[in-house]
Undergrad: 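First the structure, which I've put down as structure tokens, then a few questions once you've had a look.
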Amino acid sequence: MTEYYLGFSAVLFALGTLGVIVRRNTLIVLMCVELMLNAVNIGLVALAREFQQIDGHIYVFFVMTVAAAEAAVGLGIVIGVFRNFVSTEKESIASLHG
Amino acid sequence: MELATDILIVVLKAAIAMGALLHIAALTTWVERKGSALIQDRIGANRASIFGFDLAGIFNTLVADPVKAITKEDWLPKGTSQFMHSLAPFLAVFPVLMSFAAMPFGPDITIAGKTISLQLANLNAGLLYVFAMGSLAVYGVVLAGWVSNNKFALLGGLRATAQMISYEVVMGLSIIGLLAVYGTVDLQQIVIYQGENFAALPIPRWGIFLNPIGFILFFTAMMAETKRAPFDLPESESELVAGYMTEYSGMKFLLFWLGEFAEIGVAAAMITVLFFGGWQLPWLDVASFGPILGGLVGAAVFGAKVLFFCVLQVIIRWTLPRFRYDQLMNLCWKGMLPISLVNLMATVAVLIAINSK
Amino acid sequence: MELAIYLFSALTLLSALGVVFSAKPLTSALYLVLTLFLVAVHFAMLDAGFLAVTQVLVYAGAIMVLVVFVIMLLGVDEVNEGRRNIPQFVIALAAVSVFVGIFAGLSYTSPLELKNVALPEGFGGIEGIGAKLFCEYVLAFELASVLLLAAIVAAVTLTIEAKRPLPEGRGLKAMHKTKNQGVIS
């Protein structure tokens, strides 16, 4: 069963990565990053149950904390960018381009 | 056979718990209408009657209002999808009903040799579960404000969201000191702890005696969380039409209403479990009444205490004037948050001092 | 029991597909809330009760509320993806499939002896996690709180607007002065 959960976690992580690469809206990219972090959390919990060490749960706790901090700062950046470019597409934020 | 009995017991407990919460919500609606009339020195609603009996307005509130709401036109504002418009009342009601699952009604009862715990879900982190469901209730409000395609509704929704997430912080912090005294987050264990008396005084170890400031903070934060007056700016009838519920009519509006009153019931249940002994009677041992009678007495005591706090919240609503929005936020972040932190430190300091003797 | 695991895994994958391929950000956010809730269900099935509740409380109840709040505040719930980039999509899909293949292959043919014994009493409960967190990992805990404080300061600094000075005078004359100042400051 742990193998199944690790594979499932890999599939969710892959979906999140696909979203980050393909989508152009910054907010959706942020949400796909959260999806990747949750996939990692599932893998950690499955392994914690397999080896019966509660340390896995503690790592998940810290991943959640870091994800919360990252989401807050990322959204602050999105708001700042929106104020200056009035757009949330990562293709249109191209002032430093070429 | 064993599995079938277990499933039947769970289904019965679920039916009783959800039924009790919905009945409490309905009764509180009636108490609100007639109680507000009493407080404001008027008669209130008394026109609907069956065979000449109008039962002090119960037929009006509990029969005529739902019939009216169900038969009204289901109206959709322009430019929104039916799915999102219906999703918002669902998200407002569903977490509130779910959070009642962790409340203990009474001591464990034994029927035919089988021990049944009078709690729908015996969770290890029961209190955290109730907070989690409370934090999910924000989605109904913010989605209702957005989907209404209406600036006033959106403003009401955003203000309500900011208010709810601010007061969630205070709600959590105000009882950590009390949880340090109880030593557990399991609601049934908290109620069992409140059964004995203090070591020095002959009064029961209720939460209100252990941490009175925490009670005041938690009660206030809970009333702000349920968007009840004096914190009812999101649905202020005199300022924002109906706030985030403006574009809702008929049964969807009644679902929002039901969610709000069910949340009053959940708030009252939380207060009795944490601060007023849950299903315990002050100097009696409820569990010693017998295997089945103990459970019934416990459930009756719990119901009476919950109803008392529902009526108290209704009275407070119709007595105090409303806060302005900046006063509300200042009160949370500059007033209640520091007080709750000081309360936490003081409680833990007293606990260390007592335990190190 | 296995049936429940497969059912919830299927639901989680479907709603993750909804997150990645939704047209509007708000629909994507709501699908993500559903995904987080289902991940909490997975945690509960893996005997991580405290983590399941914390997941709903922190992720679905706070972080996603913040995301939804920002979407509504900025009012950016529109669809403007423009021209699709099919080669980019195909290459990305191939790359992540290779990754999934390698990972799943490794986990299914792992040389470790995966045990399946019964769990100790109270595994995943709040007492065990609290004991470990505040005894062994207390330094990481304190650093995490400093990190959160830094995130708060950063978020406020990024989004705070300097107050515009109030115009002199009263009435229509003062209002006329501020009429053309615009929104973006």
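Throughout, protein chains are lettered first and strands after them, A, B, ... in sequence-line order, and every chain is numbered starting at 1.
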Undergrad: Is the count of non-hydrogen atoms from other residues, nucleotides or ligands lying under 6.0 Å from C:L3 atom CG greater than 12?
TA: no
Undergrad: Non-hydrogen atoms of chain B under 4.5 Å away: do they reach the side chain of C:V58, the backbone, both or neither?
TA: neither
Undergrad: With respect to chain B, which residue among C:A62, C:A60, C:G125 yields the maximal number of heavy-atom pairs within a distance under 4.5 Å?
TA: C:A60
Undergrad: Look at B:V138, B:L158, B:I165 and state which one has the largest set of heavy-atom pairs under 4.5 Å with chain C.
TA: B:L158
Undergrad: So, using ring pair (Phe, Tyr, Trp, His ring centres under 6.0 Å) as the criterion, who are the partners of C:F8 when residues are at least two apart?
TA: none
Undergrad: Test side-chain contact (heavy atoms from CB on, under 4.5 Å) on C:V56 and B:L128; report intermediate values, then the result.
TA: CA-CA 10 Å; C:V56 176; B:L128 286 180; over 6 Å; no
Undergrad: Side chain to side chain contact (heavy atoms under 4.5 Å, CB included) with C:L66: which residues, sequence neighbours excluded?
TA: A:A72, A:L75
Undergrad: Heavy-atom cut-off 4.5 Å, strictly under: side chain, backbone, both or neither for B:L143 against chain C?
TA: both
Undergrad: Just by distance, which donor-acceptor pairs between chain B and chain C come in under 3.5 Å?
TA:
| from | atom 1 | to | atom 2 | distance (Å) |
| --- | --- | --- | --- | --- |
| B:Y139 | OH | C:A60 | O | 2.5 |
| B:Y139 | OH | C:V65 | N | 3.3 |

Undergrad: Would you please name every residue forming a side chain to side chain contact (heavy atoms under 4.5 Å, CB included) with B:M345, sequence neighbours left out?
TA: none
Undergrad: Taking side chain as everything from C-beta outward and backbone as N, CA, C, O, which of these in C:V68 sits under 4.5 Å from a heavy atom of chain B? Side chain, backbone, both or neither.
TA: side chain
Undergrad: For the pair C:F50 and B:V185, evaluate side-chain contact (heavy atoms from CB on, under 4.5 Å) and give the outcome as yes or no after the intermediate values.
TA: CA-CA 11 Å; C:F50 172 70; B:V185 192; over 6 Å; no
Undergrad: Please round to the nearest 0.5 Å and tell me the distance separating atom CE of B:M84 and atom CG of C:L30.
TA: 5.0 Å
